[in-house]
Amino acid sequence: MTKKNRLQLLQILMAVGIVLLDQVTKVWALNTLKTGGDITVIPGVFYLSYATNNGAAWSMFAGQRALLLLVSAGALILMLWLLKKNYIDTNLGRFSIYMVMGGAFGNLIDRALRTDGRVIDLFDFRLIHFPIFNVADVFICVGGGLFALYTIRTMLREYRGDQAAAEEQDDGEDKQ
């Protein structure tokens with residue numbers, strides 16, 4: 001197995017692991033927090049709480065289950081296509097895409113398979129009144145941030161390459 005194939009396998013396993021971790025924590029929240037109430041981790045700051053959300057981040061598009069399923073599935077297909085076509089050309093870019101895919105698929109499972117289409121959330125930062133979120137959300141955000149970093153690095157690399165090519169062209173004209 002080549003190094004590239006091993007890395008790709010690792011990235012796929014990471015995405016599968018994200019989905020599994022997300023689903024296991026949601027089942028735990030359903031069975032423990034829904035019936036037993038909140039668990040205080042840091043008083044006044046961080047709690048484990050059971051909540052559900054029928055929208056996207058910050059309850060955007062609440063009640064739009066079909067739209068959210070379509071957008072999630074479309075985003076997953078787009079990311080798979082980008083990876084298959086090798087448009088994402090670095091390990092950072094590929095790892096970030098697989099993180100987002102794992103998170104998106106974790107929330108897609110909830111929307112598609114739960115009878116009410118609601119996503120289970122459990123991480124509750126009360127100190128800053130942040131919306132309650134889940135493992136899938138964490139990886140969507142971290143992966144998205146890393147993909148933004150990948151994009152910036154790619155743009156800088158292309159800019160520097162264009163700048164170097166322009167300087168070479170100017171040097172060639174000066175010698176004539």
Any chance you could lay out the side chain to side chain contact (heavy atoms under 4.5 Å, CB included) test for M60 and L68, step after step, and finish with the verdict?
-> CA-CA 10 Å; M60 291 186 300; L68 292 169; over 6 Å; no

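- A donor-acceptor contact closer than 3.5 angstrom links the side chains of Y150 and D89.
- Test T52, D121, N107 against K26 for side-chain hydrogen bond (donor to acceptor under 3.5 Å, both in side chains) and you get one pass: N107.
- Within the 3.5 Å criterion, the main-chain N or O of R111 finds no donor-acceptor partner in the side chain of R118.
- By the criterion of side-chain heavy atoms lying less than 4.5 angstrom apart, applied directly or through intervening Ile, Leu, Val, Met, Phe, Trp or Tyr residues, I140 is not grouped with V135; the two fall into different hydrophobic clusters.
- I39 and V24 are not part of a single hydrophobic cluster, where members link through side-chain heavy atoms under 4.5 Å apart.
- A pairwise comparison of heavy atoms in G103 and A136 identifies O-CB, 3.2 Å as the closest pair.
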Please assess L67 against F61 for the test side chain to side chain contact (heavy atoms under 4.5 Å, CB included), listing each intermediate value before the final yes or no.
-> CA-CA 8 Å; L67 174 67; F61 306 106; 4.0 Å; yes

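- Around atom CZ of F95, more than 12 heavy atoms belonging to other residues, nucleotides or ligands sit under 6.0 Å away.
- Residues L146 and M155 are members of separate hydrophobic clusters, defined by side-chain heavy-atom contacts under 4.5 angstrom among Ile, Leu, Val, Met, Phe, Trp and Tyr.
- Taking 4.5 Å as the limit, every side-chain heavy atom of I77 sits out of range of all side-chain heavy atoms of L80.
- Panel note: side chain S96, backbone G93; a donor-acceptor pair is recorded below 3.5 Å.
- Proximity of I97 to F147: side-chain heavy atoms (C-beta onward) are separated by under 4.5 Å at one or more points.
- In this structure, the side chain of Q11 does not engage the main chain of R94 through any donor-acceptor pair within 3.5 Å.
- Here N54 contributes atom CG and D110 contributes atom CG; the two are 12.5 Å apart, rounded to the nearest 0.5 Å.
- Annotation: side chain of Y47 is not in contact with side chain of F123 (no heavy-atom distance under 4.5 Å).
- For the pair S72 and L108, the tightest heavy-atom approach, listed with the atom from each and the gap, is CB-CD1, 3.7 Å.
- Counting heavy atoms from C-beta on, the side chains of L83 and M101 come closer than 4.5 Å.
- If you run side-chain contact (heavy atoms from CB on, under 4.5 Å) between N134 and each of I120, D22, N53, T25, only D22 comes through.
- Considering only heavy atoms from C-beta on, R6 comes within 4.5 Å of K3 through its side chain.
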I would like to know whether D38 and R126 meet side chain to side chain contact (heavy atoms under 4.5 Å, CB included); could you show each step before the answer?
-> CA-CA 12 Å; D38 297 353; R126 295 183 187 172; 2.4 Å; yes

